[in-house]
Amino acid sequence: QVHMVESGGGLVQAGGSLRLSCAASGRTFSRYATGWFRQAPGKEREFVSAISWNGGRTYYGDSVKGRFTISRHNAKNTVYLEMNSLKSEDTAVYYCAARSKSDISIAESLYDYWGQGTQVTVSS
């Protein structure tokens with residue numbers, strides 16, 4: 001079982017930056033691929049980024065490519081999402097998720113564990 005808690009969300013002006021953290025419990029977390037998803041009001045949850053178990057592979061959604069960076073520190077059981085050049089359309093609740101496989105996926109149905117989410121609001 002893996003329990004995940006996101007932090008780092010908040011209110012930021014357009015063009016600004018935030019770093020989200022996802023702290024996980026469970027000794028097996030370091031072997032799991034992890035992803036970030038987001039859900040804006042009235043919209044479906046969408047894939048943002050994912051990272052393989054050892055950080056060797058990363059993948060980004062088109063809307064965040066070049067602006068967001070995902071990383072992980074397995075010794076700390078933590079995954080990060082560095083968000084730069086934020087836009088108003090990045091406003092959403094951001095969720096981290098882990099899948100009990102080592103490689104990444106963009107499909108939320110393939111993730112087994114989810115955090116409760118953290119709100120990111122970008123003012124224009």
Side-chain angles (χ1 to χ4, degrees):
Q1 191 72 15
V2 175
H3 181 62
M4 308 174 75
V5 179
E6 303 93 337
S7 62
L11 174 64
V12 63
Q13 287 189 331
S17 299
L18 279 176
R19 188 174 82 155
L20 304 184
S21 299
C22 174
S25 64
R27 285 180 290 180
T28 54
F29 177 75
S30 62
R31 299 202 297 267
Y32 292 176
T34 307
W36 286 94
F37 293 79
R38 68 186 182 185
Q39 187 166 23
K43 294 189 176 181
E44 299 277 322
R45 189 154 56 184
E46 68 167 339
F47 170 80
V48 175
S49 182
I51 188 166
S52 60
W53 72 279
N54 63 352
R57 286 193 66 205
T58 58
Y59 193 76
Y60 298 92
D62 288 342
S63 61
V64 306
K65 204 172 293 183
R67 299 187 298 122
F68 290 12
T69 302
I70 192 171
S71 61
R72 67 189 300 157
H73 194 309
N74 281 345
K76 296 183 178 180
N77 266 12
T78 303
V79 175
Y80 305 97
L81 185 69
E82 185 75 35
M83 307 186 295
N84 298 313
S85 302
L86 282 161
K87 306 174 182 180
S88 57
E89 51 262 46
D90 294 317
T91 295
V93 177
Y94 284 71
Y95 300 89
C96 65
R99 63 188 302 251
S100 51
K101 300 284 185 185
S102 58
D103 207 358
I104 60 179
S105 173
I106 66 171
E108 63 176 278
S109 62
L110 296 182
Y111 285 81
D112 305 296
Y113 307 102
W114 290 82
Q116 82 291 347
T118 186
Q119 176 71 47
V120 171
T121 303
V122 184
S123 64
S124 55

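Numbers here are sequence positions counted from 1.
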Check this for me: does any side-chain nitrogen of one of Lys87 and Asp90 sit under 4.0 Å from a carboxylate oxygen of the other? no

Please tell me whether Val2 and Ile51 are part of a single hydrophobic cluster in this structure, the criterion being side-chain heavy atoms less than 4.5 Å apart. yes

Do Tyr95 and Gln39 have side chains that approach each other closer than 4.5 Å (heavy atoms only, starting at C-beta)? yes

Crowded around Lys43 NZ? As in, over 12 foreign heavy atoms under 6.0 Å? no

Suppose we screen for side-chain hydrogen bond (donor to acceptor under 3.5 Å, both in side chains). Which residues come up paired with Glu46, at least two apart in sequence or across chains? Arg38

Distance check, rounded to the nearest 0.5 Å: Glu6 atom CD versus Cys22 atom SG? 5.5 Å

By ring-ring contact (aromatic ring centres under 6.0 Å, His included) - contacts of Phe37 (at least two apart): Phe47, Tyr111, Trp114

Begin with the C-alpha distance, continue with both residues' side-chain angles, and end with the deciding distance and a verdict on side chain to side chain contact (heavy atoms under 4.5 Å, CB included) for Leu81 and Ser49. CA-CA 8 Å; Leu81 185 69; Ser49 182; 4.2 Å; yes

Are Tyr94 and Val12 linked, directly or through other ILVMFWY residues, by side chains that come within less than 4.5 angstrom of each other? yes

So, does Thr91 use its side chain to make a donor-acceptor pair with the main chain of Val122 at under 3.5 Å? yes

Neighbour count above 12 (heavy atom, 6.0 Å) for Tyr60 OH: yes

Applying the side-chain contact (heavy atoms from CB on, under 4.5 Å) criterion to Thr118, which one of Leu18, Leu20, Val93 satisfies it? Leu20

Output the distance between atom CZ (Arg99) and atom CH2 (Trp53), rounded to the nearest 0.5 Å. 15.0 Å

Connected via hydrophobic side-chain network under 4.5 Å: Val120 and Tyr80: no

Which heavy atom of Thr78 sits nearest a heavy atom of Ala23, and at what distance? OG1-CA, 4.2 Å

Nearest-0.5 Å distance that lies between atom OH in Tyr32 and atom CZ in Arg72: 11.0 Å

Arg67 to Ser85 - nearest heavy-atom pair and separation: NH1-O, 2.9 Å

With distance as the sole test, does Asn77 use its side chain to make a donor-acceptor pair with the main-chain N or O of Ser25 at under 3.5 Å? no

Short side-chain donor-acceptor distance under 3.5 Å, Ser17 and Asn84: yes

Contact summary for Ser105 and Leu110, nearest pair of heavy atoms: OG-CD1, 3.3 Å

Of all heavy-atom pairs linking Ser88 and Ser124, the shortest is CB-CB, 4.3 Å

Work out which heavy atom in Met4 is nearest to a heavy atom in Cys96; give both atom names and the distance. CE-SG, 3.7 Å

From Glu82 atom CD to Ser21 atom OG, the distance as rounded to the nearest 0.5 Å: 9.5 Å

Are Tyr113 and Ile70 connected, step by step, through hydrophobic side chains (Ile, Leu, Val, Met, Phe, Trp, Tyr) whose heavy atoms are closer than 4.5 Å? yes

Taking all atoms of both residues into account, what is the closest heavy-atom pair of Asp103 and Ser52, and its distance? OD1-CB, 4.2 Å

